[in-house]
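Here's the structure we're looking at; comments come further down.
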Amino acid sequence: MTELSSSGEAELVVLGSGTSHGVPMIACDCPVCRSDNPKNQRTRCSVLLRKNDFYLLVDTATDFRQQALREKIPRVDAVLYTHSHADHVFGLDDLRRYNYSQPHPIPIYSRPDVLEDLERIFSYIFHPAQAGGGVPRIRLISLPGPMRLGPFHVEPIPVFHGQLEINAYRFGDLAYVTDVSRIPPASLERLAGVRTLILDALRYQPHPTHFNLDQAIAVVELLKPERAYFTHIAHNLDHDAVNAQLPPHIELSYDGLRLAFKPDGNEPRI
Ligand SMILES: [Zn+2]
Ligand SMILES: [Zn+2]
Ligand SMILES: [Zn+2]
């Protein structure tokens, strides 16, 4: 990881910028899936926030192991989940590795419905069938609303992923809004004033559960962040070709992208 300045800024690392299939996609020989451009190689969608020695994950993507190796993530202090779809949770078991060096179970925060899904999907963690065999030591905690997690002010913001209500998250002057096809007005208000917006933009064509490029651009124009980065990108979008068409303050994100932000908020520490 690169060293940070002492200006009070935190760093976000895009661990994965790809849609649920990943890019390249299995059994596809389209130009993007065959591309040599590393920015067209997208692992499943997740971000890491870091300030000083506190590491906060948003989702544990299917590719979490490779992402953790690539970014040399030394510890995980907490995990926030956006929702329980496979591409966002299937890396959970690899949190086990951090239990060796960290004394306490890793706290996992999300909505109650997501925590219930995790308990069902990973039932072997909560209902071990036999002694022996490693399972992650985690604690499921329902997010009570805006709260402080280490140095980060976390504000969950409900958005719609098709008919499913899931969490976007605001951290000070940055917001992470993935897997979204509709943002209700009250949530748009809570996103107002962000300086950096990371937003779902799947492909050119409309999709029932994700913004396409035009819809994502319209949200950026409404919220007017200083800069916006699109994520959860399918194999239809070539990194350089799409970036050449986007307005200068909007770019496709890519695996390994690092962004500085100010994580401060005003809610009391809990
Ligand atoms: Zn997804
Ligand atoms: Zn392809
Ligand atoms: Zn999803």
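Please read these numbers as outputs of a predicted model, since none were measured by experiment. Both ligands and their constituent atoms are indexed starting at 1 by order of listing.
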Near [X] [atom1], under 6.0 Å, is it more than 12 heavy atoms from other residues, nucleotides or ligands?
X	atom1	value
Arg34	CZ	yes
His104	NE2	no
Gln205	CD	yes

Whether His232 and His210 hold their rings parallel, tilted or perpendicular, with breakpoints at 30° and 60°: tilted
At the Zn ion (ligand 3): angle between Asp179 atom OD2 and His83 atom NE2, to 10 degrees: 90°
The Zn ion (ligand 2) - name of the N/O/S atom of His235 that sits closest to it: ND1
N/O/S atom of Cys45 inside 2.8 Å of the Zn ion (ligand 1), strictly under: no
Heteroatom test (N, O or S) for His232 near the Zn ion (ligand 1), limit 2.8 Å: yes
SG (Cys28) - the Zn ion (ligand 2) - SG (Cys33) angle, nearest 10°: 110°
Tyr98 to Ile73 - nearest heavy-atom pair and separation: OH-O, 2.9 Å
N, O or S atom within His85 nearest to the Zn ion (ligand 3), by name: ND1
For the Zn ion (ligand 3): the N/O/S atom of His161 at shortest distance: NE2
For the Zn ion (ligand 1): the N/O/S atom of Asp87 at shortest distance: OD2
Distance under 6.0 Å and angle within 45° of ring axis: Arg97 vs Tyr100: yes
